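What follows is a short report on a single structure.
First the proteins, then the strands, lettered A, B, ... as listed; each starts at 1. Predicted model only: the values in this text are computed from it and were never measured.
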Protein chains: 2
Amino acid sequence: MRRTGSKPTIYDIARLSGASPSTVSAALNGSWKDRRIREETAQRIRDVAAAEGYSINMQARGLRKARSGLVGMILPAHDNRFFSSLSQHFTTEAWRRGLCPVIVSTRREPQEEVRSLESLLSYAIDSVFIAGATDPEALSRICHQVGLAHVFIDLPSMQSPSVVSDNAAGAAMLARKIIETMPAVDDPRRAKPYLLGGDPRLYASSRRIAAFREAVTEMRGHCDDDQVIACGYVPARAAEEMERLIDRIGGLPAGLFINSIPAFEGALSHLVLLPPAAFAQSVIGCYDYDPFGAFLQFPVYMVWQDSHALVQRAFALLDQGAKTPVLEMIPPVLVPPRTILPGTLSEQG
Amino acid sequence: MRRTGSKPTIYDIARLSGASPSTVSAALNGSWKDRRIREETAQRIRDVAAAEGYSINMQARGLRKARSGLVGMILPAHDNRFFSSLSQHFTTEAWRRGLCPVIVSTRREPQEEVRSLESLLSYAIDSVFIAGATDPEALSRICHQVGLAHVFIDLPSMQSPSVVSDNAAGAAMLARKIIETMPAVDDPRRAKPYLLGGDPRLYASSRRIAAFREAVTEMRGHCDDDQVIACGYVPARAAEEMERLIDRIGGLPAGLFINSIPAFEGALSHLVLLPPAAFAQSVIGCYDYDPFGAFLQFPVYMVWQDSHALVQRAFALLDQGAKTPVLEMIPPVLVPPRTILPGTLSEQG
DNA sequence: TTGAAAGCGCTAACAA
DNA sequence: TTGTTAGCGCTTTCAA
């Protein structure tokens, strides 16, 4: 008899159904068709299994087949609209394919990224999605070494299949819109558009910054170095830099391009100290979308990145067995002020 | 020689270091101390392992030890500030303890909750955290049946250890603040506070609704049934009901208690259509906190739930091996309008 | 202080 | 059409 409390195994089902373990295995995992097991035998076995509450032990199967059914995702952070949206679509899509998703967050630390990947390898993941990696090439190297299927998302690797949103196009759209809409201001220090936030060492940021510079140069003749304040992603830093800028140029600039939601949140903690009138002479845009961010006291242009499409394309690349370094671009969308995009927050709360 | 491309096993390390597999196993998993293996033998083995890039196969260990090192979390949704904050703290804390976190989201469907739990069981998870379950008792039963350690978060089970935020206290605080601050309004239909959103069948909602009713009754003498519009968590529904309410009572109510961020997002899509003056005669509060929600065109009182504490306490309950149904309460915090809480979004972007 | 060997639950040759 | 058996990589007695 089976040890009580523990789950039944195929040996239990074999005994109970009068079949052999291998027949049970085949009947239960679907391979009975080509193992030429009689329909009724298979059915009898399935009935017994159901009655006993059998469910397969994926560890054992994984060990035997050298495929775990686990798929990993490496993320910088979880509590960030963009990344949590990625992880949402990732888990949904993984389970939909019968895979079990495992997520690690690394707080943008290269060492942790490598450690995380190694942890995931211990669990014998079959493939991994790497989003927003600060050191893509290191991770890419490890994946190639151990022959692990992988795709980069958001921040690409030169050595691996990658899918990113089209940062250059998105940033150009936003910069142009800001410059077009900017009011004329007397003070020359405030008459220019500024960019706040992001890390120029990271691919996404550098693309956005370059696109901002280009748009400014094209539409305004030139772009000064002081117009780009790439102070990183930490809200507190963005808050400081926002304050410093306002002090330096004597008020809000005519145009402000904020690079990412965390930077925006930081800047906001200073912006809210300003009188409402301060915003009359200023146009603000943020690269990234937040439904509440769209309804602040002042209007904000936002850029929405299609995280669903990013994940879908990443899975598609894996499906087609991509190994060579391709770079897929997903176009982002410019969202006018005071607009709620449908279905951005979970429809199910 | 080892098959190229595949990871080295303890047998490879054994051969290379001239020790036996069992000695290697002990040297590498820390049990060498009480297996009385010589310090230098252990060191030699570890050196070889490091040189070969050995990392343990958790599937094999799990199979042998009947402990996988996996810990599961079941969530209704991922792209929701509260739940994504829970999952963030969960993954962080799990990895910190050397456990591998696996998250499933169920879209508030009882069937999916059961299916998800069974999937996790196939992966031989050692324990599971169940957050926001619509049918806690069904899940509780399964866990007890298979002897799986588990804790409920946010929505409790009567049969299992649970940790929830103190919905009654939080809702009472918010309701009282709204009622105290509410302006006097001539139209009697608009002079009362209303509650919008939430599902009265769910524990958290029902507690909040009851607390709202109590506070209203206590401070205003009575609470009419039409003051509670528990229309669920879907933004679109909340938008409809917001519009209907405004039509019915001829404008914004003097006090509006919005139950949850998704309901708020829905309501917002209608609120933004109103002229700014409409908000002068109204006080709005939302149960749940969002940093951008705190800076809308109108002031909003918000309630912050301590998701970090929820997760910590849940792990603590597991640690102490709790099996009996205890219910722990974590107090939430009332956040005044236009306030950014530190560290709510990821400090690291 | 170390090694040999059995076995965790499953799959896949190979036999029958 | 089904059964027997070896083995995935690890841990853990038991023996040496």
Please confirm whether any donor atom in the side chain of Arg64(A) sits under 3.5 Å from an acceptor in the base of dG9(D), or the reverse. no
Less than 3.5 Å between a donor and an acceptor, one on the side chain of Tyr11(B) and one on the base of dC8(D), is that the case here? no
Rounded to the Å, how far apart are [X] [atom1] and [N] [atom2]?
{"X": "Trp32(A)", "N": "dA12(C)", "atom1": "CH2", "atom2": "C1'", "answer": "19 Å"}
{"X": "Gln59(B)", "N": "dT11(C)", "atom1": "CD", "atom2": "P", "answer": "12 Å"}
{"X": "Leu63(B)", "N": "dT11(D)", "atom1": "CG", "atom2": "C1'", "answer": "11 Å"}
{"X": "Ile45(A)", "N": "dT1(D)", "atom1": "CD1", "atom2": "C1'", "answer": "12 Å"}
{"X": "Arg35(B)", "N": "dG3(C)", "atom1": "CZ", "atom2": "P", "answer": "9 Å"}
{"X": "Ile56(A)", "N": "dC10(C)", "atom1": "CD1", "atom2": "P", "answer": "6 Å"}
{"X": "Met58(B)", "N": "dT11(D)", "atom1": "CE", "atom2": "P", "answer": "9 Å"}
{"X": "Ile10(A)", "N": "dA12(C)", "atom1": "CD1", "atom2": "C1'", "answer": "12 Å"}

Of dA4(C), dG9(C), dT11(D), the nucleotide closest to the side chain of Ser22(B) is dA4(C)
Phosphate oxygens OP1/OP2 of [N]: is one of them under 4.0 Å from a side-chain N or O of [X]?
{"X": "Tyr123(B)", "N": "dG9(C)", "value": "no"}
{"X": "Thr23(A)", "N": "dT2(D)", "value": "no"}
{"X": "Ser20(B)", "N": "dG3(C)", "value": "yes"}
{"X": "Arg38(B)", "N": "dT2(C)", "value": "yes"}
{"X": "Ser25(A)", "N": "dT11(C)", "value": "yes"}
{"X": "Asn29(A)", "N": "dC10(C)", "value": "no"}

Which part of the nucleic acid, if any, lies within reach of [X] when heavy atoms closer than 4.0 Å are counted: base, sugar-phosphate only, or nothing?
{"X": "Ala26(A)", "value": "nothing"}
{"X": "Arg61(A)", "value": "sugar-phosphate"}
{"X": "Thr41(A)", "value": "sugar-phosphate"}

Using 30° and 60° as the class boundaries, would you call the ring planes of Phe315(B) and Phe129(B) parallel, tilted or perpendicular? tilted
Aromatic plane relationship, His89(A) with His308(A) - under 30° parallel, 30 to 60° tilted, over 60° perpendicular: tilted
Given DNA chain D, 5'-ward residue of the pair Pro21(B) and Ile37(A), judged by closest heavy atom: Ile37(A)
Without hydrogens or angle criteria, can the side chains of Ser119(B) and Ser116(B) be said to hold a donor-acceptor pair below 3.5 Å? no
Atom CG of Asp34(B) and atom CH2 of Trp32(B): how far apart are they, to the nearest 0.5 Å? 10.0 Å
With a cut-off of 6.0 Å (strictly less than), are more than 12 heavy atoms of other residues, nucleotides or ligands near CD of Gln111(B)? no
Can we say Arg44(A) and Asp47(A) salt-bridge, meaning some charged N sits less than 4.0 Å from an Asp/Glu carboxylate O? no
